[in-house]
Amino acid sequence: MDSIDKDLKALLRIRQMRSDSLSRAARMREMERNFAAKDVEDKVSGLTTTETHVRQIQHECLTELVNGHFVKIDRVEAFSKMQLQGAKRIMDANREIDLAQKHLEVSKEMLEESLQKSRAAEKRKIAIQEVIEWRKN
């Protein structure tokens, strides 16, 4: 009987370490998920800033073209090029947002999986504790 109790206590310590390890992993996944969520917010904010900046520059250039006495072809070409560059910056920002959102979804899935493993380990540990308590009585 004494041998069984020692084995159960050793098993309980092992389960406790496993449970602690999985809990730490879950906390790390939660921190990663929080970071990914903040990254998405930052990217969306950056997109808004980029769009505002691009529109402002386009408006200034267009105003300069309209108010000029003579419109030179190179100025029109520069304006068109600037419009394309602005559109590319906005598309790049949207692409970064999409990537950040995908990373957030993956982080959420990994967190949920980690929490499930942590809960299962905790249940196993509780089961061992109940067996030890049962053997004491």
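When all heavy atoms of Leu111 and Glu30 are compared, the pair lying nearest together is CD1-N, 3.6 Å. For the residue pair Asp5 and Arg135, the shortest heavy atom distance occurs at OD1-NE, 3.0 Å. Summarising the geometry of Ala100 relative to Asp39, their closest heavy-atom pair is CB-OD2, 3.8 Å, with the distance given to 0.1 Å. Between His103 and Ala36, the shortest heavy-atom contact is ND1-CB, 3.4 Å.
Side chains of Asp20 and Gln16: a donor on one and an acceptor on the other come within 3.5 Å.
Residue Ile57 is not grouped with residue Leu84 when hydrophobic side chains (ILVMFWY) are merged at heavy-atom distances under 4.5 angstrom, including chains of intermediate members. Using a 4.5 Å cut-off between side-chain heavy atoms of Ile, Leu, Val, Met, Phe, Trp and Tyr, with links allowed through other members, Leu104 and Phe35 fall into different hydrophobic clusters. Hydrophobic clustering keeps Leu22 apart from Leu11 (ILVMFWY residues linked when any side-chain heavy atoms are closer than 4.5 Å, directly or through intermediates). Grouping the Ile, Leu, Val, Met, Phe, Trp and Tyr side chains by contacts below 4.5 angstrom, directly or via other members, places Ile90 with Val44. Tracing side-chain contacts under 4.5 Å through hydrophobic residues (I, L, V, M, F, W, Y), one never reaches Ile128 starting from Ile126; they form parts of separate clusters.
Ser19 places no side-chain N or O within donor-acceptor distance of the main-chain N or O of Arg15, the cut-off being under 3.5 Å. When atom types are taken as modelled, the side chain of Thr63 and the backbone of His59 share a donor-acceptor pair closer than 3.5 angstrom. Panel note: side chain Ser118, backbone Ser114; no donor-acceptor pair is recorded below 3.5 Å.
Using a 4.5 Å cut-off on side-chain heavy atoms (C-beta onward), Arg18 and Arg124 make no contact. At a threshold of 4.5 Å between non-hydrogen side-chain atoms, the residues Leu47 and Lys43 do not count as touching. Side-chain contact between Lys9 and Lys6: absent, with no pair of heavy atoms (C-beta onward) separated by less than 4.5 Å.
Taking 4.0 Å as the cut-off between side-chain N and carboxylate O, Glu122 and Lys125 count as a salt-bridged pair. Of the charged side-chain nitrogens involved, none lies within less than 4.0 Å of a carboxylate oxygen, so that Glu112 and Lys108 do not count as a salt-bridged pair. Using a 4.0 Å cut-off between charged side-chain N and carboxylate O, Asp92 and Lys88 make a salt bridge.
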Inset, instruction - Please report the C-alpha distance between Arg29 and Glu32 in whole Å, then the side-chain angles of each, then the deciding distance to 0.1 Å, and finally whether the salt bridge (Lys or Arg N to Asp or Glu O under 4.0 Å) criterion is met. - result: CA-CA 5 Å; Arg29 298 287 184 203; Glu32 183 179 329; 3.8 Å; yes
Inset, instruction - List the steps and the verdict of salt bridge (Lys or Arg N to Asp or Glu O under 4.0 Å) for Glu77 and Lys81. - result: CA-CA 6 Å; Glu77 288 175 348; Lys81 183 178 179 182; over 6 Å; no
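Within the model, atoms CG of Asp42 and CD of Glu96 stand 11.5 Å from one another, a figure rounded to the nearest 0.5 Å. Here CD of Gln56 is found 10.5 Å from SG of Cys61. Values are rounded to the nearest 0.5 Å. Distance check, rounded to the nearest 0.5 Å: CZ of Arg119 to OG of Ser23 gives 10.5 Å.
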